[in-house]
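What follows is a short report on a single structure.
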Amino acid sequence: MPYPEAVNSATRADVWAINAAPCAVVFRIVAEADADILCRALNLFALQQLIPQQVDVVRADDVLRIEIVSDEQSWHRAQVIGEKLRNLVSVFEMELYPLENLQARIRQSS
């Protein structure tokens, strides 16, 4: 078994958008409050060797509101992850925003 420092933990290259710069995005998910939905959602990032910057979860009765902020992937890869999140069985809604668009919306509403 190789030593931990010998293992390459670099992010997976996005072969569909090789020259695309990484962008910060927000995934907003509304899902049924299943015990495993958070693990299944975060696993989609782990499979791409991505670690989200921030994860917020709020449970209200039988609904989870999950917000995941990630800045390591291209916009294309974010869209692919978003579609996979949308296809999880317990997910009711999934919205994807570039982080700067979300911050501008917050400023306008205040």
Side-chain angles (χ1 to χ4, degrees):
M1 182 169 184
Y3 293 106
E5 54 270 2
V7 176
N8 184 2
S9 64
T11 11
R12 224 172 121 182
D14 189 347
V15 296
W16 297 104
I18 293 172
N19 296 324
C23 65
V25 296
V26 178
F27 298 87
R28 283 197 168 163
I29 304 156
V30 178
E32 186 177 354
D34 285 340
D36 68 341
I37 185 62
L38 190 56
C39 292
R40 288 188 288 134
L42 292 175
N43 186 52
L44 295 174
F45 292 87
L47 290 171
Q48 301 294 317
Q49 299 297 315
L50 299 171
I51 301 172
Q53 272 191 321
Q54 181 177 335
V55 178
D56 292 314
V57 182
V58 176
R59 180 179 173 194
D61 296 322
D62 293 337
V63 175
L64 286 181
R65 296 190 184 283
I66 305 167
E67 187 171 284
I68 301 172
V69 178
S70 180
D71 67 348
E72 296 179 318
Q73 71 290 306
S74 67
W75 177 248
H76 174 264
R77 178 157 289 163
Q79 290 175 311
V80 170
I81 293 170
E83 286 303 314
K84 290 181 178 188
L85 286 166
R86 187 175 281 121
N87 288 327
L88 291 175
V89 173
S90 302
V91 171
F92 302 134
E93 287 179 39
M94 196 293 302
E95 297 175 338
L96 173 65
Y97 302 102
L99 186 59
E100 62 272 0
N101 286 5
L102 185 64
Q103 290 170 339
R105 277 188 195 183
I106 292 169
R107 282 191 294 262
Q108 287 174 351
S109 65
S110 337

(Q) Rounded to the nearest 0.5 Å, what separates atom CD1 in Ile66 from atom CZ in Arg59? (A) 12.0 Å

Q) Under the criterion side chain to side chain contact (heavy atoms under 4.5 Å, CB included), which of Asp56, Val55, Val26, Val25 is the partner of Val69? A) Val26

Q) To the nearest 0.5 Å, what is the distance between CG (Leu96) and CD (Glu83)? A) 9.0 Å

Q | Arg86 side-chain N/O to Met94 backbone N/O, donor-acceptor pair under 3.5 Å | A | yes

Q: Look up atom CD in Gln73 and atom CD in Gln49, then write down how far apart they are to the nearest 0.5 Å.
A: 13.5 Å

**Q.** Worked check of side chain to side chain contact (heavy atoms under 4.5 Å, CB included) between Ile37 and Arg40
**A.** CA-CA 5 Å; Ile37 185 62; Arg40 288 188 288 134; 3.6 Å; yes

Q) Transitive ILVMFWY cluster of Val30 at side-chain heavy atoms under 4.5 Å: who else is in it? A) Val63, Phe92

Q | Which atom of Ser74 lies closest to which atom of Cys23, heavy atoms considered | A | C-SG, 3.9 Å

Q | Inter-residue atom distance Leu85.CG - Ile68.CD1, 0.5 Å rounding | A | 6.0 Å

Q. Rounded to the nearest 0.5 Å, what separation is found between the CD atom of Glu93 and the CZ atom of Arg28?
A. 11.0 Å

(Q) Tell me whether the count of non-hydrogen atoms from other residues, nucleotides or ligands lying under 6.0 Å of CG in Asp36 goes above 12. (A) yes

Q) Quick one: do Leu42 and Val80 end up in the same hydrophobic cluster if we chain Ile, Leu, Val, Met, Phe, Trp and Tyr together by side-chain heavy atoms under 4.5 Å apart? A) no

Q) Is the backbone of Gln79 close enough, under 3.5 Å, to the side chain of Arg77 for a donor and an acceptor to pair up by distance? A) no

Q: Please report the shortest heavy-atom distance between Phe27 and Ala78, naming the atom on each side.
A: CE2-O, 3.4 Å

Q) What distance separates Leu99 CG from Gln54 CD, expressed to the nearest 0.5 Å? A) 9.0 Å

Q) Between the side chain of Asn43 and the main-chain N/O of Cys39, is any donor-acceptor distance below 3.5 Å? A) no

Q) Does the pair Leu38 and Val57 meet the rule for a side chain to side chain contact (heavy atoms under 4.5 Å, CB included), with working shown? A) CA-CA 9 Å; Leu38 190 56; Val57 182; 3.8 Å; yes

